[in-house]
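The block underneath contains the structure these notes are about, expressed in structure tokens.
Per chain, numbering begins at 1; letters A, B, ... match sequence-line order.
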There are 2 protein chains.
Amino acid sequence: MDTRPTLRDVAALAGVSLKTASRVVNGETGVSSAKVDSVRRAVGRLNYRPNFTASMLRRSASRTAAIGAVLEDVANPFSSTLHRALEDTARGRQVMIFAGSVDEDPDREQALVTAFTARQADALFVVPASDDQTYLAAEIAAGTPVVFVDRPPVGVRADAVLSDNTAGAATAVRHLIAHGHRDIAYLGDLATITTAEQRFRGYREALAEHGIRPDPAHIVHDLHTEDAARQAALRLAGTAQPPTAYFTAQNLVTIGTIRALRSLGAHERVGLVGFDDFPLADLLQPAVTVMAQDPYRMGRAAAELIFRRLDGETWEPTTHVVPTVLIPRGSGEIPGPH
Amino acid sequence: MDTRPTLRDVAALAGVSLKTASRVVNGETGVSSAKVDSVRRAVGRLNYRPNFTASMLRRSASRTAAIGAVLEDVANPFSSTLHRALEDTARGRQVMIFAGSVDEDPDREQALVTAFTARQADALFVVPASDDQTYLAAEIAAGTPVVFVDRPPVGVRADAVLSDNTAGAATAVRHLIAHGHRDIAYLGDLATITTAEQRFRGYREALAEHGIRPDPAHIVHDLHTEDAARQAALRLAGTAQPPTAYFTAQNLVTIGTIRALRSLGAHERVGLVGFDDFPLADLLQPAVTVMAQDPYRMGRAAAELIFRRLDGETWEPTTHVVPTVLIPRGSGEIPGPH
DNA sequence: CATCGGCCTGACAACGTTGTCGAAATTGGA
DNA sequence: TCCAATTTCGACAACGTTGTCAGGCCGATG
């Protein structure tokens, strides 16, 4: 009742040897049809299911048909779209996905990777949170495909699939400048995150191109929740010289900022471009202009790199950049004073 | 290079027996500190990681510390919140989550369950898509904890965590009636899904209480995508006698309906209550009144049932109902003609 | 000096499965 | 009838790990 039947039980019930039962279960040829039948019956009677892990252990050095996905937060739309893309690619190959959330905690990143490798995951799909992945060097050297997604690896050479953060951010900010804004605030995620840093760089570059020196008081980093962003935006908008436009460098930050502007009744007056699209952005009033990433395409690309490596292809680690695209919807086209 | 070091390699390098190496790796007592050191060094040199599956196999009948989650769609906010709740509960116990999307495909449900049990998942967290789970009977009888979430099991007795669909739907519809509506349309998901059926029942019950006979032309089932819902709503709203209010029984249906009403400019005139909350519902114009489920709480409750069973507690299968709550935000308070 | 008890250590078997290989059973042909 | 070729079958070992158990070593005790 508490222990599952093994192949030994099946063989005993069918009156054949262990090996013959194994042959039937694996559909090998060279078994008389009488024995095939009796084994099949025994399998049905006992509701036998092969122990996949034991099987993989024996077929040794082979695959567990499982991939570990180290994500930022499985419940965040960006992460879950990556997850879904990976799953869709894996589905045709009968590969299962282990998924876990890191929540920007470096220790948790390593704990998850360790848990996945201890379970012999065939490959790793990693959105890194820490600033050092040297701990993965041995794993990569041992031949496990590892793909970094959204953020590049540090300390190891491995495939990566990234968004064009710097250029995308610059495009967003140029768009606001083109609509007459000069005093453009930057609200961004934790400065430790590479993508946040790159987007900030794009922001500065675009301003510099036009000889604009940003007001340091209008630059806020380390906003990791919607509410932190809301409060920061409230603070900025409440000053005597509020910014005429906002570049919000992450989707939760964008939403928090919108809430703040709404509550002040300023949402129809100030410009806003967000980095990363989000559901219903087009239904808000005004609709939100964004630099859209394409997380599904990123996930798909990363999954393909993984499977090509699993299929035995080899190449020098490459970085694949997925372009971002500006989607003008209204909030970014509100004119500024210039 | 291609094969990972085993404990045998560690033992050889450290000049000790396999068993002694095992003892060191597992932190057992009774090993001289000299040997502990040399084994530790060998582990470091080879970057040895224990093979968790082999270890679990040997410790036999024991746990793999992995739970399989059969979800509707990992990228859907409802599913991903369930996933996250499960993960949060599992995290403290070092248990990993296998997750997969079913997409309402009954075959896929069974394929996922089979994949998870073949990998010796300790327990299953299932949002069922099919109308028959008898195939799980043997697994449950064998003692594997299985919890059904959002939809009840059919053909087997097992724990379930459900939303209060019928009562919630009735409350939503009564709310519209109280605001003066009589001609209330029902737009719902696939009629094969139990939750859709229950919500439809709640809709009819609430109308019946007030002696209202719904117009059959204003009842549309089987809307499984946002766009299908949008088109259905466009059709209804374009007739000579359009409904004065809508009860939309699922979040994508709600959003599709909102898009349709917007495009007709009717969104400020007709009543709307959606079942299941969604992000930014409060920022739309008008803000959307919903019957909110609490997927995080549902996932948490289901996870707790799983872990209590894994801890050895036993009880007769129970059904846990998580209440839904009406959140009036505007769209449901638009007055009707009565 | 012989004996005892405690501490370390390693040989062996086993978890559930499959690859190898040789033995047994069957078939066909002369 | 007999031999060889073929088919079918099962004993055994192995995958990487850990539980069991017996043996070796040590100092302490009588």
Side-chain angles (χ1 to χ4, degrees), chain A residues 2-40 42-43 46-66 117-122 142 144, chain B residues 2-40 42-43 46-66 117-122 142 144:
Chain A
D2 216 21
T3 80
R4 300 161 52 122
T6 75
L7 205 48
R8 171 170 275 106
D9 302 322
V10 171
L13 181 60
V16 301
S17 80
L18 190 55
K19 178 65 209 191
T20 297
S22 164
R23 276 192 262 259
V24 173
V25 167
N26 287 54
E28 291 175 32
T29 59
V31 181
S32 69
S33 56
K35 302 217 172 191
V36 170
D37 281 356
S38 92
V39 171
R40 290 256 167 77
V43 165
L46 297 176
N47 197 262
Y48 168 77
R49 304 263 165 233
N51 182 327
F52 188 76
T53 60
S55 169
M56 280 307 151
L57 176 60
R58 181 55 179 90
R59 298 192 224 253
S60 172
S62 185
R63 303 281 161 72
T64 56
T117 57
R119 284 176 176 76
Q120 316 296 113
D122 293 334
T144 304
Chain B
D2 214 21
T3 80
R4 301 161 52 120
T6 75
L7 204 48
R8 170 171 277 106
D9 302 322
V10 171
L13 181 60
V16 300
S17 80
L18 190 55
K19 179 64 209 191
T20 297
S22 164
R23 274 192 263 259
V24 174
V25 167
N26 286 56
E28 292 176 32
T29 60
V31 181
S32 69
S33 56
K35 302 216 172 192
V36 170
D37 281 355
S38 90
V39 170
R40 289 257 167 77
V43 165
L46 297 175
N47 198 261
Y48 167 78
R49 305 264 165 233
N51 182 328
F52 188 77
T53 60
S55 169
M56 281 305 152
L57 176 60
R58 182 54 178 91
R59 297 193 225 252
S60 173
S62 186
R63 302 281 163 70
T64 55
T117 56
R119 284 175 176 75
Q120 316 297 111
D122 293 335
T144 305

Minimal heavy-atom distance between B:Thr144 and B:Asp122, with the atoms involved, is CG2-O, 3.5 Å

query = Can you check whether B:Arg59 has a side-chain N or O nearer than 4.0 Å to OP1 or OP2 of D:dT18?
reply = yes

Taken to the nearest whole Å, CZ/B:Arg119 to C1'/C:dT17 is 15 Å

A:Arg4 CZ to C:dC15 P, in whole Å, measures 16 Å

request  = Check whether any side-chain heavy atom of B:Pro5 sits under 4.5 Å from a side-chain heavy atom of B:Asn47, and report yes or no.
outcome  = no

A:Arg58 atom CZ is separated from D:dC12 atom C1', nearest whole Å, by 11 Å

Result for 5'-nearest mapping on DNA chain D, choosing between A:Lys35 and B:Pro5, is A:Lys35

Counting only side-chain nitrogens and oxygens, does B:Ser32 get under 4.0 Å of the OP1 or OP2 atom of C:dT9?
yes

Among D:dG16, C:dT18, D:dC9, the one nearest any side-chain atom of A:Val31 is D:dC9

note: B:Leu57, atom CG; D:dG19, atom C1'; distance rounded to Å ~ 13 Å

Note: contacts of residues 17-29 of chain A with DNA chain C (heavy atom, under 4.0 Å) are A:Leu18, A:Lys19, A:Ser22, A:Asn26, A:Glu28

Here the pair of heavy atoms bringing B:Leu7 nearest to B:Tyr48 is N-CE1, 3.4 Å

From CZ of A:Phe52 across to C1' of C:dT17 the rounded distance in Å is 12 Å

When rounded to whole Å, the CE to C1' distance for the pair A:Met56 and D:dT17 reads 18 Å

Side chain proximity check, A:Arg23 to A:Lys35, heavy atoms < 4.5 angstrom
no

Closest of C:dG10, C:dT17, D:dG19 to the B:Val16 side chain is C:dG10

**Study point:** Heavy-atom check, side chain of B:Asn51 versus side chain of A:Gln120, under 4.5 Å
**Key:** yes

From the candidates C:dT17, D:dG10, C:dC15, the one with an atom nearest any side-chain atom of A:Leu7 is C:dT17

Winner on side-chain proximity to A:Ser55, out of C:dA14, D:dC15, C:dT18, is C:dT18

- Go through A:Val31 and A:Thr20 one step at a time and tell me if the side-chain contact (heavy atoms from CB on, under 4.5 Å) criterion holds. CA-CA 7 Å; A:Val31 181; A:Thr20 297; 4.0 Å; yes

note: A:Asn51, atom CG; C:dG16, atom P; distance rounded to Å ~ 8 Å

Rounded to whole Å, the CZ-C1' distance (A:Arg8 to D:dA11) equals 12 Å

Query - Residue pair A:Thr6 / A:Asp9, side-chain heavy-atom distance below 4.5 Å - result: yes

